[in-house]
2 protein chains.
Amino acid sequence: MNELPKLDDLDRRILSTLLDDARVPYAEMAKRFHVSPATVHVRVEKMKAAGIIEGTEILVNTKKLGYDVCCFIGINLKAARDYHSALEKLNQLDEVVEAYYTTGAYNIFVKLMCRSIEELQFVLIDKLQAIDEVQSTETLISLQNPINRNVIP
Amino acid sequence: MNELPKLDDLDRRILSTLLDDARVPYAEMAKRFHVSPATVHVRVEKMKAAGIIEGTEILVNTKKLGYDVCCFIGINLKAARDYHSALEKLNQLDEVVEAYYTTGAYNIFVKLMCRSIEELQFVLIDKLQAIDEVQSTETLISLQNPINRNVIP
DNA sequence: CATGAAAATGCGAAGGG
DNA sequence: CCCTTCGCATTTTCATG
């Protein structure tokens, strides 16, 4: 099922570089890795075609946008089969930025970003716990995010 | 302490666009938002200077890189004051891609990416639980990640 | 995989509302 | 003060060997 695309050293170095900064010019990488800019171009295109590179995005400082509160919430559903309908409703909430279907203590695990504790309280009580399928929740407030990086290709 | 930079509608639309795809040309955004390309350029530079835009990165499909297992691990420390030294050791582990200092049931909460369940087992037992400061851990395996997006600027 | 030229994009100064 | 027009520099892209 999972045929992994073969990557050589050059591919991996290009990926690592672009994971740090997607705007590094091909010519710059070409110099660093002792190949031509066109070669870098070809490799990037190949990795895009293979679905390894899915796109690019900017990194925004969420605090400067006013989002001071980050937390994780473990959700227990009344019935495990309600997963899809619950997820659909969670997807409507802008504050839910990540969701995971998990084994273990919870059915669904979500990451929430809010502008304040008051907003968190509101989202939690009036939006999240208001969802029919939700039986109970457990909240984990993050005060700091000291590590945030990517896997090593 | 937190003086939020003022953003107008144009700034927010530029941010939203670049959050989806950091390579959308300025000229393209200029057309969409009925301003000149240079204006888009100026706004982006301002947001970079204000620290709102911290950088750019590519999105890689981690599964295609062989990282099939994603899980969250709640860590309890023997003593809360061991936070910094524990974190330093966690930072050494490539498999730890995110770490959060949290209130609630755990002292530290981390996200782990591994290539297989076997690797997870190894990392968990021989690397993570081998850290002196760690008292106990609780693992939450993610089988699916149906929501993964950014906050709305 | 490299070369080199054409096209697209990014960039910054100078001027206008 | 912010926006625009304009020209130059850089970068991407692609045909060819």
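Computed from heavy atoms alone, side chains included, the values below leave out hydrogens, waters and symmetry copies. Treat the numbers as computed from the prediction; the structure is a model and nothing was measured. Every chain is numbered from 1, with letters handed out A, B, ... down the list of sequences.
Rounded to whole Å, the distance from NE2 on A/His41 to C1' on D/dT13 is 5 Å. Atom-to-atom, OH of A/Tyr26 to P of C/dA8 comes out at 17 Å; the value is rounded to the nearest Å. Protein atom CE of A/Met29 is 17 Å distant from nucleotide atom C1' of C/dC1, rounded to whole Å. Rounded to whole angstrom, the span from the CG atom of A/Asp9 across to the P atom of C/dC1 amounts to 12 Å. Across the protein-nucleic acid pair, A/Arg23 atom CZ and C/dG10 atom C1' stand 9 Å apart, rounded to whole Å.
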B/Arg23 and B/Thr56: side chain to side chain contact (heavy atoms under 4.5 Å, CB included), yes or no, with the steps?
CA-CA 9 Å; B/Arg23 296 234 172 182; B/Thr56 64; over 6 Å; no
Set out, in order, the CA-CA distance, both residues' side-chain angles and the distance that settles side chain to side chain contact (heavy atoms under 4.5 Å, CB included) for B/Met47 and B/Leu15, then state yes or no.
CA-CA 9 Å; B/Met47 291 193 280; B/Leu15 276 184; 3.7 Å; yes
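One finds no salt bridge joining A/Glu98 and B/Arg149 here, because no Lys/Arg side-chain nitrogen approaches an Asp/Glu carboxylate oxygen to under 4.0 Å. A salt bridge is absent between B/Asp11 and B/Lys46; no separation between the charged side-chain nitrogens and carboxylate oxygens falls under 4.0 Å. Using a cut-off of 4.0 Å between Lys/Arg side-chain N and Asp/Glu carboxylate O, A/Asp132 and A/Lys78 are scored as not salt-bridged.
The aromatic ring centres of B/Phe72 and A/Tyr100 sit less than 6.0 Å apart.
Shown are B/Arg81, B/Lys89, B/His84; of these, the side chain to side chain donor-acceptor pair (under 3.5 Å) with B/Glu133 is made only by B/Lys89.
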Pick out the pairs of N or O atoms, protein on one side and nucleotides 2-10 of chain D on the other, that lie under 3.5 Å.
from, atom 1, to, atom 2, distance (Å)
D/dC3, OP1, B/Arg43, NH2, 2.2
D/dC3, OP2, B/Arg43, NE, 3.4
D/dT4, OP2, B/Ser36, N, 2.9
D/dT4, OP2, B/Ser36, OG, 3.3
D/dT4, OP2, B/Thr39, OG1, 2.4

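Side-chain contact of B/Asn61 with A/Glu54: a donor-acceptor pair under 3.5 Å is present, judged by distance alone.
Helix bend of the helix from C/dC1-D/dG17 to C/dG17-D/dC1: the angle between its two end axes, each built from five pairs, comes to 30° after rounding to 10°.
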